[in-house]
Protein chains: 2
Amino acid sequence: MRDVAAQAGVSAMTVSRVLKGDPRVSSGSRALVLAAVEELGYRLNETARSLRVGGSGLIGLVVTNIANPFYSRLTLGVQEVAGEHGLRVLLANTGEDTDRERELVDDLLARQVDGIVLVPAGTGQGPLALVAARGMPLVLASRPPSDIDTDCVLVDDFGGAREATARLIAAGHRRIGFLGNPPALYTGAERFRGYWAAHEEAGLEPDERLVRRGLRDPATAQKAAEELLDQPDAPTALFCTNNRLTQGAVRAVRSSARTTALAGFDNFDLADVLGIPLTIAAYDPDEVGRRAARMLIDRIRPSSDRPIPARRTVVPTNVIEYGPRHDS
Amino acid sequence: MRDVAAQAGVSAMTVSRVLKGDPRVSSGSRALVLAAVEELGYRLNETARSLRVGGSGLIGLVVTNIANPFYSRLTLGVQEVAGEHGLRVLLANTGEDTDRERELVDDLLARQVDGIVLVPAGTGQGPLALVAARGMPLVLASRPPSDIDTDCVLVDDFGGAREATARLIAAGHRRIGFLGNPPALYTGAERFRGYWAAHEEAGLEPDERLVRRGLRDPATAQKAAEELLDQPDAPTALFCTNNRLTQGAVRAVRSSARTTALAGFDNFDLADVLGIPLTIAAYDPDEVGRRAARMLIDRIRPSSDRPIPARRTVVPTNVIEYGPRHDS
DNA sequence: CTGTTAGCGCCTTCAA
DNA sequence: TTGAAGGCGCTAACAG
């Protein structure tokens with residue numbers, strides 16, 4: 001910047017003012033500075049600016065697995081809103097590892113991010129208390145706060161699971177298997193609750209022997225589904241708590257002789273073209289990211305100076321029915 | 001840091017030394033400092049450190065669309081390798097917009113990133129010349145450099161397309177349609193070249209009337225496929241240049257009465273379960289990210305001080321055949 | 001409208 | 001082994 005100032009024959013202060021658009025600069029100086037900037041190919045050093053001004057213009061985004069389409073879409077939503085406010089996204093991936101989450105958050109703090117959007121890994125959130133304690137704006141996504149009091153964006157896990165299950169019941173199914181992710185996870189617990197509630201509301205009681213929880217990937221889901229379908233009194237339908245488990249179940253159904261109906265949480269590509277009866281509780285993952293970013297920015301740049309209480313917002317689901325293939 | 005120093009009864013300098021693991025500190029001072037750090041919950045300010053030391057410990061990753069599974073997996077690969085070297089990833093999304101790409105890259109420079117991995121948007125790379133000119137390490141992914149001379153990681157677009165097409169020919173197909181993304185894109189051009197080469201090597205000449213290029217999404221691909229299949233002399237197979245186009249083609253084939261064979265670039269979920277003949281040129285997107293990150297780090301932290309010439313590496317493809325459904 | 005002074009938090013250099 | 005001085009690049013605050 002000194003070089004630019006020298007080249008333009010003004011002081012560094014004037015250069016600074018021109019660059020940040022301060023109107024109190026004569027158009028003459030402005031032109032001189034701009035010319036010098038151009039000629040020297042100068043760019044402002046954001047690091048130094050951050051140090052002086054405070055606030056890095058960065059927000060941290062911590063997800064469990066960026067390769068999962070849900071989180072990559074969430075990332076897109078966060079990016080979109082952050083970009084509108086001139087903020088950049090520093091991305092971190094925990095792989096569901098709590099220790100790593102702590103390290104990453106720690107590093108984000110050291111880098112002076114202006115706020116953090118985080119999908120909590122695992123279940124305990126003790127370490128995050130630190131973040132909140134330091135007054136760092138923090139929004140949780142997908143899973144609610146447990147040990148701490150902070151903003152969060154959730155999906156209507158309960159409602160979506162309940163309605164999808166209810167559709168199966170309405171279609172006449174009475175023996176509906178459940179393929180679920182670990183019950184210790186919030187989404188797992190809520191979606192199971194929805195499955196159960198739909199039964200109760202129809203005056204039915206689910207058969208516990210048709211319930212398999214703690215499934216983590218398509219392969220284990222496929223195996224569990226095959227076992228269920230292989231029983232003498234097999235379920236006529238299966239509800240799966242997420243897209244990966246649904247995909248495992250699709251394989252199992254496909255390789256069996258039965259025409260088992262499927263329902264699941266999360267939409268996925270080609271669901272329309274599988275040619276089996278499929279009921280999906282869908283929602284917009286981008287919207288989770290957008291809302292999280294908006295809540296975060298509300299705290300980073302408060303519109304009023306009253307303290308904002310911790311808020312919670314729930315992204316709705318809508319149930320889609322894909323029919324079997326209609327061969328024409 | 002001053003507070004910590006005061007609390008520990010030493011100078012700020014000693015605190016700094018302890019924190020960066022300088023051995024020339026007495027164990028007494030060290031213990032004092034660590035206790036004070038713990039008590040005050042102090043963390044080093046990376047921003048200030050960067051300013052003084054130079055180098056931010058950040059690498060920029062610029063992709064065209066993070067919601068595309070290819071790029072989210074690439075991101076995972078970059079993250080993985082960067083993490084091993086203590087580097088964090090600043091993520092930027094261009095949406096295939098060249099102007100936005102320029103802005104984003106500019107911002108990354110202003111933030112003093114140590115290097116950039118970039119998937120070029122569009123075709124012209126003029127603006128990127130600036131980056132290279134400033135001596136910023138830069139690795140391109142998926143698409144090669146055109147106007148500039150820099151490292152890149154490519155996929156074997158030509159080889160994969162050629163082999164997938166050759167498989168169709170080997171299976172007896174003689175009229176093979178082509179559904180392609182815009183030919184101005186490197187991948188589009190290379191994959192078309194592979195399609196053509198497979199024909200020539202078999203002594204065939206593709207029918208230009210079966211070629212549709214410039215397709216951008218599943219919907220346009222579906223429409224193009226339907227038109228092709230609706231002709232009197234319809235193709236018996238279709239080759240698609242990427243997963244989104246393949247998905248459109250799957251829909252078209254499904255809704256037609258024909259049993260058209262499909263081949264395509266990029267693997268995708270549930271390809272195994274569609275129940276139609278499907279030949280896929282697959283590769284590992286994570287590996288593209290890992291290699292790009294490694295090349296970048298080679299430049300950021302050179303092992304020798306000889307200048308490294310611009311390098312190019314190609315990630316291989318392997319062709320997978322998914323059969324039609326075997327109803328048992 | 002413009003420049004000077006001072007300092008953001010850290011670390012390199014040099015002296016003790 | 002430790003500390004003091006100075007400056008990385010930038011910008012508030014205060015002159016002029």
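Keep in mind that the numbers below use all heavy atoms, side chains included, and drop hydrogens, waters and symmetry copies. Just so it is clear, the structure is predicted and the values come from calculations on it, not from any experiment. First the proteins, then the strands, lettered A, B, ... as listed; each starts at 1.
For B:Arg73 (side chain) and B:Glu287 (main-chain N/O), no donor-acceptor pair under 3.5 Å exists by modelled atom type. Remark: the backbone N or O of B:Glu46 is paired with a side-chain donor or acceptor of B:Ser50 at under 3.5 angstrom.
Think of the region where chain B sits on DNA chain D: with heavy atoms and a 4.0 Å cut, that region ends 5' and 3' at D:dT1 to D:dG9. Counting 5' to 3', DNA chain C first comes under 4.0 angstrom of a heavy atom of chain A and last does so at the ends given by C:dC1 to C:dG9.
Listed by first and then second residue, the salt bridge (Lys or Arg N to Asp or Glu O under 4.0 Å) pairs involving residues 17-32 of chain A are A:Asp22-A:Arg24 (not counting sequence neighbours). Pairs of residues two or more places apart, or lying in two chains, that qualify as ring-ring contact (aromatic ring centres under 6.0 Å, His included) and include a residue from residues 25-70 of chain A are A:Phe70-A:Tyr283.
Of the inter-residue distances, the one linking B:Leu44 atom CG with A:Arg111 atom CZ reads 11.0 Å to the nearest 0.5 angstrom. To the nearest 0.5 angstrom, B:Asp107 atom CG is 4.0 Å from A:Arg88 atom CZ.
Taking the nucleotide of DNA chain C with the nearest heavy atom to each of A:Met13 and B:Ala48, the more 5' of the two is matched to A:Met13. Residue order along DNA chain D, read from the 5' end via each residue's closest nucleotide, puts B:Thr14 first among B:Thr14 and A:Arg52.
Interface residues of residues 19-27 of chain B facing DNA chain C, ordered by number: B:Lys20; criterion, heavy-atom separation under 4.0 Å.
Counting all heavy atoms, side chain and backbone alike, B:His85 lies closest to B:Val81 at CD2-O, 3.1 Å.
In summary, B:Glu96 and B:Arg143 engage in a salt bridge, as defined by a charged side-chain N under 4.0 Å from a carboxylate O. Residues B:Arg312 and B:Asp151 are not paired through a salt bridge, judged by the lack of any N-O separation under 4.0 Å between the basic side chain and the carboxylate. Using a cut-off of 4.0 Å between Lys/Arg side-chain N and Asp/Glu carboxylate O, B:Arg290 and B:Asp284 are scored as salt-bridged. Salt-bridge formation is detected for the pair B:Arg311/B:Asp298: a Lys NZ or Arg NE/NH1/NH2 atom is positioned less than 4.0 Å from an Asp or Glu carboxylate oxygen.
Nucleic acid contact for B:Ser29: sugar-phosphate only, since backbone atoms but no base atoms lie under 4.0 Å from a heavy atom of the residue.
Over its full length, the helix from C:dC1-D:dG16 to C:dA16-D:dT1 turns its helical axis through 40°, comparing axes from the five pairs at each end and rounding to 10°.
Between the side chains of B:Thr94 and B:Arg100, no donor-acceptor pair of N or O atoms lies under 3.5 Å.
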Quiz prompt | Derivation of the side chain to side chain contact (heavy atoms under 4.5 Å, CB included) call for B:Leu91 and B:Ile66 | solution = CA-CA 9 Å; B:Leu91 181 66; B:Ile66 184 66; 4.1 Å; yes

